[in-house]
Amino acid sequence: MGLGVSRMDMPLPRLAGETVDGGRLDPARLEGRVVVVNVWATWCGPCRREQPVLQRVFERYRDREVAFVGIDWRDDRAKAQAWREEFGVTYPSLWDPSGAWADDLGWLGAPTTYLADRSGTIRYRIEGAVEEEELTGLLDELLAAG
């Protein structure tokens, strides 16, 4: 594992609510899936660097019982919507103007990515920008675990 990866054993909070684009995230979409949760903000340089990686990995794994959810931390909603358009992000991002979702995760700074197994337990935290090989390796491990 890279320097930014930590093992965890923590329940994934029930993610639900308003998304950046004005929709709603239904927590039922996450049940029984491996879940990738990425905390990001438009003002975060490393978030900008990792966003294309996250979208590529999402596209590669979306038919393999993997769900992605972004959490837009204390950000300007219009800028967040423009970000999603600029990067062609097709997975949902919760709008987190108060920082409550990030706090529930024990978030340390942007970007941070959490990987939960199918039972809803967070198994890994990646601090800093994710690398594609590292993320796919962890996803493959969680998918193989059943």
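Residue numbers run from 1 in the order of the sequence given.
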In terms of hydrophobic clusters joined by side-chain contacts under 4.5 Å, are Val35 and Leu25 together?
-> yes
Can you check side chain to side chain contact (heavy atoms under 4.5 Å, CB included) on Val37 and Ile71, steps first, answer last?
-> CA-CA 7 Å; Val37 180; Ile71 296 178; 3.6 Å; yes
Could you tell me whether the side chains of Asp140 and Tyr61 share a donor-acceptor contact shorter than 3.5 Å?
-> yes
Pro27 side chain near Leu15 side chain, heavy-atom distance below 4.5 Å = no
Shortest non-hydrogen contact from Asp104 to Met10?
-> O-CE, 3.6 Å
Test: Glu127 and Arg125 ion pair at under 4.0 Å = yes
Do the non-hydrogen side-chain atoms of Trp107 and Tyr114 ever get within less than 4.5 Å of each other?
-> yes
Is Glu131 salt-bridged to Arg49, going by a charged N under 4.0 Å from an acidic O?
-> no
Taking the side chain as every heavy atom from C-beta outward, state whether Pro111 and Val39 have any pair of such atoms under 4.5 Å apart.
-> no
Separation between CG of Asn38 and CG of Leu135, rounded to the nearest 0.5 Å = 9.5 Å
Test salt bridge (charged side-chain N to carboxylate O under 4.0 Å, His left out) on Arg14 and Glu31 and set out the steps.
-> CA-CA 10 Å; Arg14 185 175 181 274; Glu31 291 174 11; over 6 Å; no
Minimal non-hydrogen separation, Leu30 against Ala67, with atom names = CD2-CB, 3.6 Å
Heavy atoms, side chains only, cut-off 4.5 Å: are Arg84 and Ser93 in contact?
-> yes
Checking side chain to side chain contact (heavy atoms under 4.5 Å, CB included) for the pair Asp76/Thr42: CA distance, chi angles, key distance, verdict?
-> CA-CA 8 Å; Asp76 177 87; Thr42 58; 5.7 Å; no
Can you tell me how far CG of Leu12 sits from OG1 of Thr121, rounded to the nearest 0.5 angstrom?
-> 8.5 Å
In Å, rounded to the nearest 0.5 Å, how long is the span from CG of Leu115 to CG of Leu142?
-> 6.0 Å
Ignoring hydrogens and angles, tell me if any N or O in the side chain of Arg33 forms a donor-acceptor pair with the backbone of Arg29 under 3.5 Å.
-> yes
With rounding to the nearest 0.5 Å, note down the distance linking CZ in Arg24 to CG in Leu94.
-> 9.0 Å
Kindly determine whether Lys79 and Trp43 satisfy side chain to side chain contact (heavy atoms under 4.5 Å, CB included), including the steps that lead there.
-> CA-CA 9 Å; Lys79 287 181 182 174; Trp43 44 261; over 6 Å; no
So do Pro13 and Leu105 actually touch side chain to side chain, heavy atoms under 4.5 Å?
-> yes
Side-chain heavy-atom pair Leu54, Tyr91 within 4.5 angstrom cut-off = yes
Can you name the nearest heavy-atom pair linking Ala102 to Trp73, along with the distance?
-> CB-CD1, 3.4 Å
Find the distance between CG (Leu143) and CZ (Arg118) and round it off to the nearest 0.5 Å.
-> 5.0 Å
Within the side chain of Gln55, is there an N or O that forms a donor-acceptor pair under 3.5 Å with the backbone of Phe87?
-> no
Side chain to side chain contact (heavy atoms under 4.5 Å, CB included) assessment of Asp96 paired with Arg74 = CA-CA 6 Å; Asp96 191 19; Arg74 293 186 179 222; over 6 Å; no
Trp40-Trp83 aromatic ring centre distance below 6.0 Å = yes
Output yes when Asp9 and Arg123 qualify as a salt bridge under the 4.0 Å nitrogen-oxygen rule, no when they do not.
-> yes
Side chain Glu50, main chain Val130, donor-acceptor under 3.5 Å | yes
Taking the side chain from Thr136 and the backbone from Glu132, do they hold a donor-acceptor pair closer than 3.5 Å?
-> yes
Less than 4.0 Å between a side-chain N and a carboxylate O, is that true for Glu18 and Arg77?
-> yes
Student check: side-chain heavy atoms of Met8 and Tyr124 closer than 4.5 Å = no
Does a side-chain heavy-atom distance below 4.5 Å link Val57 with Leu139?
-> yes
Please report the closest heavy-atom contact between Ala41 and Asp72, naming both atoms and the distance.
-> CA-OD1, 3.8 Å
Among the clusters formed by ILVMFWY side chains lying less than 4.5 Å apart, do Val66 and Leu138 turn up in the same one?
-> yes
Asp103 side chain to Gly106 backbone, donor-acceptor under 3.5 Å | no
